[in-house]
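For clarity, every value in this text was computed on a predicted model and none was experimentally measured.
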Amino acid sequence: VEGVRVVPGTVVYGAAGALSVENTILDGSFEIRAIGSSQILTGTLTRGGGVVAQISAAYPDVLISVTPLDAVEIPATERDLVPDNGQPSL
């Protein structure tokens, strides 16, 4: 979301129109990039009753576009992803 990689523990804060992600303020429009198959993501997001349809129904003034890409660059997180409790198992 606007150059911030969302991982467990990422903080999104604020009221509609004044959101921030990890202290990065989101302007009136912002971009969300996702990792995965562009065909599957596009189909899942844009299907009837999907995320885009639900947001559009709840917020008719919001404009949403889905653009499939062959490749994306998403920055690494700055968060420490090692759990405080528990150990990884193989």
Go through the structure and list residues passing side chain to side chain contact (heavy atoms under 4.5 Å, CB included) with E31, not counting sequence neighbours.
E2, R33

Counting only pairs under 3.5 Å, give me each side-chain donor-acceptor contact of residues 38-49, with atom names and distances, residues two or more places apart or in other chains.
| from | atom 1 | to | atom 2 | distance (Å) |
| --- | --- | --- | --- | --- |
| T42 | OG1 | S38 | O | 2.7 |
| T44 | OG1 | I40 | O | 2.8 |
| T46 | OG1 | T42 | O | 2.6 |

What pairs of residues pass the side-chain hydrogen bond (donor to acceptor under 3.5 Å, both in side chains) test when at least one of them lies in residues 59-69, not counting sequence neighbours?
none

Among Ile, Leu, Val, Met, Phe, Trp and Tyr joined by side-chain contacts under 4.5 Å, find the other residues sharing a cluster with V12 and list them by chain and number.
V1, V4, V6, L19, V21, L26, F30, I32

If you round to the nearest 0.5 Å, how far is CD1 of I35 from CZ of R5?
4.0 Å

Contacts table for residues 68-77: side-chain donor-acceptor under 3.5 angstrom, sequence neighbours left out:
| from | atom 1 | to | atom 2 | distance (Å) |
| --- | --- | --- | --- | --- |
| T77 | OG1 | R79 | N | 3.0 |

Taking everything shown except I25 itself, do over 12 heavy atoms lie less than 6.0 Å from its CD1?
no

Transitive ILVMFWY cluster of L63 at side-chain heavy atoms under 4.5 Å: who else is in it?
none

